[in-house]
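First the structure, in the form of structure tokens, and then the observations on it.
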Amino acid sequence: MTKTFALVDCNSFYVSCEKVFRPDLKNRPVVVLSNNDGCVVARSKEAKQLGIKMGVPVFKIRDEIQRHSITVFSSNYTLYADMSNRVMRILEELAPRVEVYSIDEAFLDLTGVESAVSLLDFGRDIRQKVGQDTGITVCVGIAPTKTLSKLANHAAKDYPATGGVVDLCCSERQRRLLTLYPVDEVWGVGRRLSKRLNAQGIMTALDLANTDPKTIRKGFSVVLERTVRELNGESCIDLEEIVPAKQQIVCSRSFGSRIMTINAMREAVSEYASRAGEKLRGQKRCAKVVSVFIRSSPFNPNELHYSNSASATLDMPTDDTRDIVRVAMMLLDFIWRDGIRYAKAGIMLSDFFEPGVFQQSLFSKPVDASKSQALMATIDKINRTGKNIFLASQGVKKAWSMQRHYLSPAYTTQWKDLPLVR
DNA sequence: TCTGGGGTCCTAGGACCC
DNA sequence: TCTGGGGTCCTAGGACCC
């Protein structure tokens, strides 16, 4: 049976979240910045029209921001995550099977839906319902494969005449749309691949679809072969309803200002280690491998670039923040070098086990983890209320912590920030 | 002065084994 | 001086995604 997928994607998601609570910004240019107020990661329609590019460092567009009175926000992930949940719950009510693919997109399995209602109407219903309940506008792309539904969604965004919904189930329409998109806009084809493909004369999505899959497998990879088949309507990538358990947890961040002393670096790495431990316990896992990396800015040509990392394998997997911090501090001492202006650091946890299922070595002392578990559970519980319990090693002043000069209130997750209607 | 963060999958190559 | 074939496992690095 032919499958049917829909890709639902929120329009300029982060900007839309901010605009929901700021009706005064309707029809105004708005951008949202990455962590540390570094570069632009989301733009309103109006900001795009002014020529603001995705990913541009904010210091390069100071003039435009001034001249056009563009409103700027720091990233407010607490708000975006909450709004995302609201959107996803609605999709789950409407469709039988949903895969939450990222903070602002979901794949829906619409196989068989067509017998009851037209796919176009179904897409319009989704749009209407999400818009009404959350204030977020979405576009819907419908097709027999995930890769084609991505492209259909693209078209729904690019051509306002579609009303934000494109049904690409008929193969003639597929071919016609494929001619309109360069190959680098295909899902799974990035900068490097498109360069190599272009060199072989494969310029458009249709060119790629018309290439022999076996040749692609030989010259490139099985991944790209799947993409070719998907472009031709053969579904190779299934819906993944169940979120697979994470293989690794990373906590890393650029500093608000450069770090030059080991004490400040110890604070920062302790902080990231604690966040990583929290995430690990949230996944109900213990980790056996801890890695730490530190580096200077790779962008300054007048400075020697230093970047290094180190890993340690523990005797026993752990989810105790104190263990993780202790190992991280050892690793940090190992890679630390004086005289560097450090710009970024991070910690990675990997090699996960479920608590209690690890085979202990014959000679290791039995460990009673119950005290550690109770302590960590208590800390996590308190921290979830918005208070903050932390190890002394994380520091208090945190001169290095990230810059967020344009942060909006936590409208939906803190009572004190609840928007008022006057 | 100022350039994000967090993931996944695949492949090639080395180590090691029989 | 010569130097197989086949297999597994692990890791680093490259590519992609949002």
Side-chain angles (χ1 to χ4, degrees), chain A residues 7-10 12-14 31-42 53-63 65 72-77 80-81 84 99-107 146-147 150 153-154 183-197 216-227 236-237 240 243-258 272 275-276 279-280 282-283 289 291 293 295-303 305 307 309 311 313 341 343-352 402-406:
Chain A
L7 178 67
V8 181
D9 190 315
C10 304
S12 321
F13 182 57
Y14 296 172
V31 297
V32 175
L33 306 181
S34 62
N35 274 341
N36 254 320
D37 296 340
C39 39
V40 171
V41 292
K53 295 272 179 293
M54 181 71 174
V56 69
V58 69
F59 72 87
K60 285 189 178 170
I61 56 163
R62 287 275 175 225
D63 284 353
I65 290 173
V72 176
F73 288 99
S74 301
S75 283
N76 185 346
Y77 283 104
Y80 311 150
S84 173
E99 172 188 345
V100 177
Y101 178 67
S102 75
I103 193 160
D104 72 337
E105 323 169 41
F107 286 105
K146 279 184 164 181
T147 306
K150 272 271 192 186
N153 190 284
H154 225 307
V183 73
D184 64 296
E185 299 203 20
V186 173
W187 188 44
V189 179
R191 241 187 32 252
R192 308 290 180 99
L193 274 178
S194 62
K195 225 174 156 182
R196 286 173 60 198
L197 289 166
I216 289 288
R217 184 184 200 131
K218 265 204 207 101
F220 294 87
S221 69
V222 292
V223 183
L224 194 61
E225 182 198 5
R226 272 203 290 270
T227 301
C236 304
I237 309 171
E240 281 180 45
V243 185
K246 287 209 192 312
Q247 313 276 321
Q248 58 178 38
I249 287 171
V250 179
C251 260
S252 72
R253 207 134 288 163
S254 301
F255 306 125
S257 55
R258 297 280 188 270
Y272 303 160
R275 292 286 90 82
K279 288 191 200 173
L280 185 66
Q283 296 266 316
V289 173
S291 320
F293 74 86
R295 66 168 168 82
S296 63
S297 166
F299 299 108
N300 191 341
N302 305 319
E303 246 178 72
H305 180 48
S307 171
S309 65
S311 320
T313 303
R341 300 177 68 242
K344 185 175 180 176
I347 187 165
M348 188 170 101
L349 306 177
S350 52
D351 202 359
F352 293 163
M402 72 169 158
Q403 302 189 28
R404 297 215 276 179
H405 290 311
Y406 318 101

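The chains referred to below are lettered A, B, ... by the order of the sequence lines, with proteins before strands, and numbering in each begins at 1. Below, all heavy atoms of this structure are taken into account, side chains as well, without hydrogens, waters or symmetry copies.
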**OP:** Starting from C1' on C:dC10, measure out to CD on A:Q247 and report it in whole angstrom.
**Re:** 15 Å

Original post:
What is the distance from NZ of A:K279 to P of B:dG5, rounded to the nearest Å?
Top reply: 11 Å

Original post:
Does A:R253 make a side-chain N or O approach to OP1 or OP2 of B:dG6 shorter than 4.0 Å?
Top reply: yes

Original post:
Which part of the nucleic acid, if any, lies within reach of A:K246 when heavy atoms closer than 4.0 Å are counted: base, sugar-phosphate only, or nothing?
Top reply: sugar-phosphate

Original post:
With a 4.0 Å cut-off on heavy atoms, is A:Q248 in touch with a base, just the backbone sugar-phosphate, or nothing at all?
Top reply: base

Subject >> Candidate nucleotides C:dC17, C:dC16, B:dT3, ranked by approach to the side chain of A:R192 - the nearest >> reply: C:dC16

Original post:
More 5' along DNA chain B: A:V223 or A:R295, using each one's nearest nucleotide?
Top reply: A:R295

**OP:** Could you check whether A:D37 gets within reach of a base, just the sugar-phosphate, or nothing at all, counting any heavy atom under 4.0 Å?
**Re:** nothing

Subject >> Separation of A:K53 NZ from A:K60 NZ (nearest 0.5 Å) >> reply: 13.0 Å

**OP:** Could you point out which residue of A:V58, A:I61, A:V40 forms a side-chain contact (heavy atoms from CB on, under 4.5 Å) with A:V31?
**Re:** A:V40

Subject >> Salt-bridge present (A:K146, A:E240; N to O < 4.0 Å) >> reply: no

Subject >> Sugar-phosphate, base or nothing in reach of A:V186, heavy atoms under 4.0 Å >> reply: sugar-phosphate

**OP:** Anything below 3.5 Å on both distances counts as a pair; with that, list the stems of at least three consecutive Watson-Crick or G-U pairs involving DNA chain B.
**Re:** B:5-18 with C:5-18

**OP:** Select one nucleotide: of B:dG4, B:dC10, B:dC2, the one nearest the side-chain heavy atoms of A:R226.
**Re:** B:dC10

Original post:
Between A:S254 and B:dG5, does any side-chain N or O lie under 4.0 Å from OP1 or OP2?
Top reply: yes

Original post:
Which distance, rounded to the nearest 0.5 Å, do you find between the CD of A:Q248 and the OG of A:S291?
Top reply: 9.0 Å

**OP:** May I have the distance from A:Y80 (atom OH) to C:dC18 (atom C1'), rounded to whole angstrom?
**Re:** 15 Å

Original post:
What is the distance from CD1 of A:I103 to C1' of B:dG7, rounded to the nearest Å?
Top reply: 14 Å

**OP:** Compare the minimum distances between each of B:dG4, B:dG7, C:dC18 and the side chain of A:S102, then state the nucleotide with the smallest one.
**Re:** C:dC18

**OP:** Output the distance between atom NZ (A:K344) and atom CZ (A:R253), rounded to the nearest 0.5 Å.
**Re:** 9.5 Å

Subject >> Nearest atoms (heavy-atom pairs only) where A:S84 meets A:F13 >> reply: N-CZ, 3.7 Å

**OP:** Looking at every strand, decide which applies to A:R191 at a 4.0 Å heavy-atom threshold: base, sugar-phosphate, or nothing.
**Re:** sugar-phosphate

**OP:** Check every strand shown and say whether A:L33 touches a base, only sugar-phosphate, or nothing at a heavy-atom separation below 4.0 Å.
**Re:** nothing

Subject >> Salt-bridge criterion met for A:E105 and A:K150 (N-O under 4.0 Å) >> reply: yes

Subject >> Proximal nucleotide (of B:dT3, B:dC10, C:dC18) relative to the A:C39 side chain >> reply: B:dT3

**OP:** Examine distances only and state if a side-chain atom of A:D184 and a backbone atom of A:V189 form a donor-acceptor pair shorter than 3.5 Å.
**Re:** no

Original post:
Between the main-chain N or O of A:G190 and the side-chain N or O of A:S194, is there a donor-acceptor pair closer than 3.5 Å?
Top reply: yes

**OP:** Assign each of A:P244 and A:Y14 to its nearest nucleotide of DNA chain B by heavy atoms, then name whichever residue's nucleotide is nearer the 5' end.
**Re:** A:Y14

Original post:
Within less than 4.0 Å of OP1 or OP2 of B:dT1, is there a side-chain N or O belonging to A:S257?
Top reply: no

Original post:
Given atom CG of A:L224 and atom C1' of B:dC10, what is their separation to the nearest angstrom?
Top reply: 12 Å

Subject >> Of the listed nucleotides C:dC18, B:dG5, B:dT3, the one nearest the side chain of A:F299 >> reply: B:dT3

Original post:
Rounded to whole angstroms, how far apart are CE on A:M54 and C1' on B:dG5?
Top reply: 13 Å

**OP:** Measure from the side-chain heavy atoms of A:N35 and tell me the nearest of B:dT11, B:dG5, B:dG7.
**Re:** B:dG5

**OP:** Just call it for A:V58: base, sugar-phosphate, or nothing, with non-hydrogen atoms closer than 4.0 Å on any strand.
**Re:** nothing

**OP:** Using modelled atom types only, decide if a donor and an acceptor are shared between the side chain of A:N36 and the backbone of A:S254 within a distance under 3.5 Å.
**Re:** yes

**OP:** Indicate, with a heavy-atom threshold strictly under 4.0 Å, whether A:R196 touches base, sugar-phosphate, or nothing.
**Re:** nothing

Subject >> Euclidean distance, atom CG of residue A:N36 to atom C1' of B:dT3 [Å, nearest integer] >> reply: 10 Å

**OP:** Go through C:dC18, B:dG4, B:dG6 for me and flag the one nearest to the A:S34 side chain.
**Re:** B:dG4

Original post:
Separation of A:K344 atom NZ from B:dC2 atom C1', in whole Å?
Top reply: 16 Å

**OP:** Identify which nucleotide among B:dG4, B:dG7, C:dC16 has an atom closest to any side-chain atom of A:L193, counting heavy atoms from C-beta outward.
**Re:** C:dC16

Original post:
Taking the same atom, P, in C:dC18 and in B:dT3, what whole-Å distance lies between them?
Top reply: 25 Å

Original post:
At under 4.0 Å between heavy atoms, what does A:K150 touch on the DNA or RNA strands: base, sugar-phosphate, or nothing?
Top reply: sugar-phosphate

Original post:
Contact class for A:V222 vs. all strands (heavy atom < 4.0 Å): base, sugar-phosphate, or nothing?
Top reply: sugar-phosphate

